Amino acid sequence: MGGAWRVWSKTVEHIDVRENKFSLNSKRGTRLQPCSNQAEDQLSSTYGQDCSRYGTLSREPSGPAAPNEDLEDVDASRYKQLKLLDLQHRQYTRKKLIHDMCRHNGALHFSEKATFNDFPNEQLANLVVDDRHGIIYCYVPKVACTEWKSIMIFLSESLKINGTPYKNHSDIPRDLIHGNSVVYLNRSHRNLMKWKIRKYKKVLFVRNPFDRLISAYRDKFEKKNDYFYKFMAVPIMRRYKNLFPPTSAEQAYMYGIQPSFSDFIQYILDLPDDDGSSFKEHWRQMYHLCHPCQIEYDFFGKM
C-alpha cells in the first residue's frame, strides 16, 4: 500500500502550484489554462473554488498530434500520468480550501483547539487504524462509513474466521463491522497515537451535509429502529407536534407515525452550539468528528 502512495510523487516530474503550472517531463505536457465559462461553473460547483485562481487542467499537444486529439488516444502510460496529475491538482485545491476555512472562519470554531494534543481521547473516537499498511481513516456516518470500515478491517486483518482473515471485505457481517473488530486510534497509548498521526497516511471522505441529514433521517426515522424511536423520535414528536405517540416502535412504524423531516431539522437547529457533543454522530458536523484543522489529512475524498 505504501508503494501506491509513492506513485504520486514519482509519476509527476514537476508540479509548481504557486505558478499554477503543471507539466510532465515528456513531449506532451499538461498545463493550467484560463477558464471558459463552462469550466468555471464546473470547477466552482465541484470543488467550491474560483476557477480563475486555479485554471483548468489540459494537455498540451505537440509534434504531429492533432490539437483536438482526445485523451483516450494518448498511450496508456501517459494517460495514467495525466489522470494522476489531475488527482494531484484536485487534492491540492481541496486541501487549500480546508486550510483557508480553518484559518479564516472562526465563526464555526474550526480553530477552537490549537493542536491534536488538545483533544481528549473520546473526541478522537472516529479515527480507525490499519497498522499493516500505515493508514488512518476518519469515518463520518452517512458517508459510506460501513463500506470503508469493512475495507479497513480487511486490510488490517483484525478479524479472522477460523484463524483466517477474510478474503473479501464484502463478506464481513455488518454487525461485526461496527463492533470491536475495528482498530481505533484512541485505544492506543497517547504517545503512540501522536506517532501514528505523524507517520501514517490519513484519509477522510466527506459528503454534502444536507445529503447527510436526509440520509440520517431516512435511516433512523423512516425505518423501524427501537433505539432512535424511543430516545429521539418520541421526544421530537412531543416537542414539535404536541403529540404523544405509541411507546412501541413497531406499532408506530405500522401506522406510519414518525417525526416529519421539518421537525427533525428544527430539532437540529435547536441543539446547543457547542463542541458537537450534543449531536448524535450521525448528524454531527464533520469538523467535530475528524478535526481537519488539527490533523493534516493526506487525502480528501468526496462522495
Side-chain angles (χ1 to χ4, degrees), residues 1-9 11-12 15 17 46-49 54 84-106 108-153 155-156 182-188 190 192-209 211-212 275-276 281 284-303:
M1 182 67 69
W5 289 97
R6 288 193 294 272
V7 167
W8 288 12
S9 59
T11 299
V12 181
I15 298 182
V17 293
T46 306
Y47 308 121
Q49 295 288 339
Y54 296 101
L84 283 171
L85 185 58
D86 183 45
L87 178 61
Q88 284 274 20
H89 176 52
R90 190 174 304 180
Q91 287 300 309
Y92 165 73
T93 58
R94 290 177 181 178
K95 289 177 183 179
K96 189 177 188 310
L97 176 62
I98 292 291
H99 178 270
D100 291 344
M101 289 292 291
C102 293
R103 186 176 180 182
H104 300 300
N105 206 324
L108 294 178
H109 311 296
F110 284 171
S111 304
E112 186 174 352
K113 295 184 182 294
T115 67
F116 174 81
N117 295 331
D118 295 322
F119 291 104
N121 282 11
E122 58 267 21
Q123 292 188 25
L124 303 172
N126 289 58
L127 296 167
V128 178
V129 180
D130 168 22
D131 288 312
R132 292 183 69 241
H133 300 92
I135 298 174
I136 294 175
Y137 156 66
C138 186
Y139 78 87
V140 179
K142 317 317 297 177
V143 190
C145 70
T146 301
E147 184 78 5
W148 283 109
K149 279 185 179 180
S150 70
I151 291 173
M152 292 293 287
I153 293 172
L155 290 173
S156 64
V182 177
V183 180
Y184 291 96
L185 179 70
N186 67 350
R187 295 179 183 176
S188 301
R190 191 75 187 190
L192 182 58
M193 288 170 55
K194 290 159 63 176
W195 182 86
K196 290 180 179 180
I197 283 289
R198 289 197 311 269
K199 298 295 184 180
Y200 285 12
K201 297 298 182 181
K202 297 165 287 293
V203 180
L204 170 62
F205 288 88
V206 298
R207 185 182 187 182
N208 184 303
D211 290 341
R212 273 190 70 207
D275 60 358
E281 71 167 3
R284 190 177 302 162
Q285 301 96 323
M286 176 275 293
Y287 59 89
H288 281 317
L289 296 171
C290 297
H291 317 294
C293 295
Q294 290 75 27
I295 299 176
E296 189 175 344
Y297 287 90
D298 298 279
F299 182 87
F300 288 98
K302 184 179 179 182
M303 180 175 167

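Treat the numbers as computed from the prediction; the structure is a model and nothing was measured.
To the nearest 0.5 angstrom, R103 atom CZ is 12.5 Å from C293 atom SG. The distance from atom CG of L155 to atom CH2 of W148, rounded to the nearest 0.5 Å, is 9.0 Å. Distance CD/Q91 to NZ/K96: 15.5 Å, rounded to 0.5 Å. Going from atom OG1 of T115 over to atom CD1 of I295 covers 10.5 Å, rounded to the nearest 0.5 Å. Between I98 atom CD1 and K95 atom NZ the span is 11.0 Å, to the nearest 0.5 Å. Residue I197 holds its CD1 atom at 10.5 Å from CG of L192, rounded to the nearest 0.5 Å.
Scanning for side-chain contact (heavy atoms from CB on, under 4.5 Å) contacts around Q285 gives F279, Y287, H288, with sequence neighbours left out. Residues satisfying the side-chain hydrogen bond (donor to acceptor under 3.5 Å, both in side chains) criterion with Y200, sequence neighbours excluded, are D131. The side-chain contact (heavy atoms from CB on, under 4.5 Å) check on R190 picks up F116, N121, L124, M193, K194, with sequence neighbours excluded. For R132, the salt bridge (charged side-chain N to carboxylate O under 4.0 Å, His left out) partners two or more places apart in sequence, or in a different chain, are E157. Remark: D211 pairs with no residue by the salt bridge (charged side-chain N to carboxylate O under 4.0 Å, His left out) rule, at least two apart or across chains. Y137 pairs by the side-chain hydrogen bond (donor to acceptor under 3.5 Å, both in side chains) definition with nothing, not counting sequence neighbours.
For the pair Y184 and V128, the minimum side-chain heavy-atom distance is below 4.5 Å. Side chains of K196 and L185 form a contact here, defined as non-hydrogen atoms less than 4.5 Å apart. At least one side-chain heavy atom of F205 sits under 4.5 Å from a side-chain heavy atom of F299. For the pair N126/P141, a side-chain contact is recorded, criterion being any heavy-atom separation below 4.5 Å from C-beta on.
Contact record, C145 with Y139: CB-CB, 3.9 Å, taken as the closest heavy-atom pair. Here the closest heavy-atom approach between residue V143 and residue R207 is recorded as CG2-CB, 3.7 Å. Shortest non-hydrogen contact noted between E296 and K202 is O-CE, 2.9 Å. In terms of heavy-atom proximity, I136 sits nearest to V129 at CG1-CG2, 4.2 Å. Closest of all the heavy-atom pairs between P292 and M286 is CG-SD, 4.0 Å. Listed here is the closest heavy atom pair of A125 and N186: CA-ND2, 3.4 Å.
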Next item on the list: Would you please test L204 and V140 for side chain to side chain contact (heavy atoms under 4.5 Å, CB included) and show each step?
Entry: CA-CA 8 Å; L204 170 62; V140 179; 3.9 Å; yes

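Evaluated for a side-chain contact (heavy atoms from CB on, under 4.5 Å) with M152, the options V203, D130, V183 yield exactly one hit, D130.
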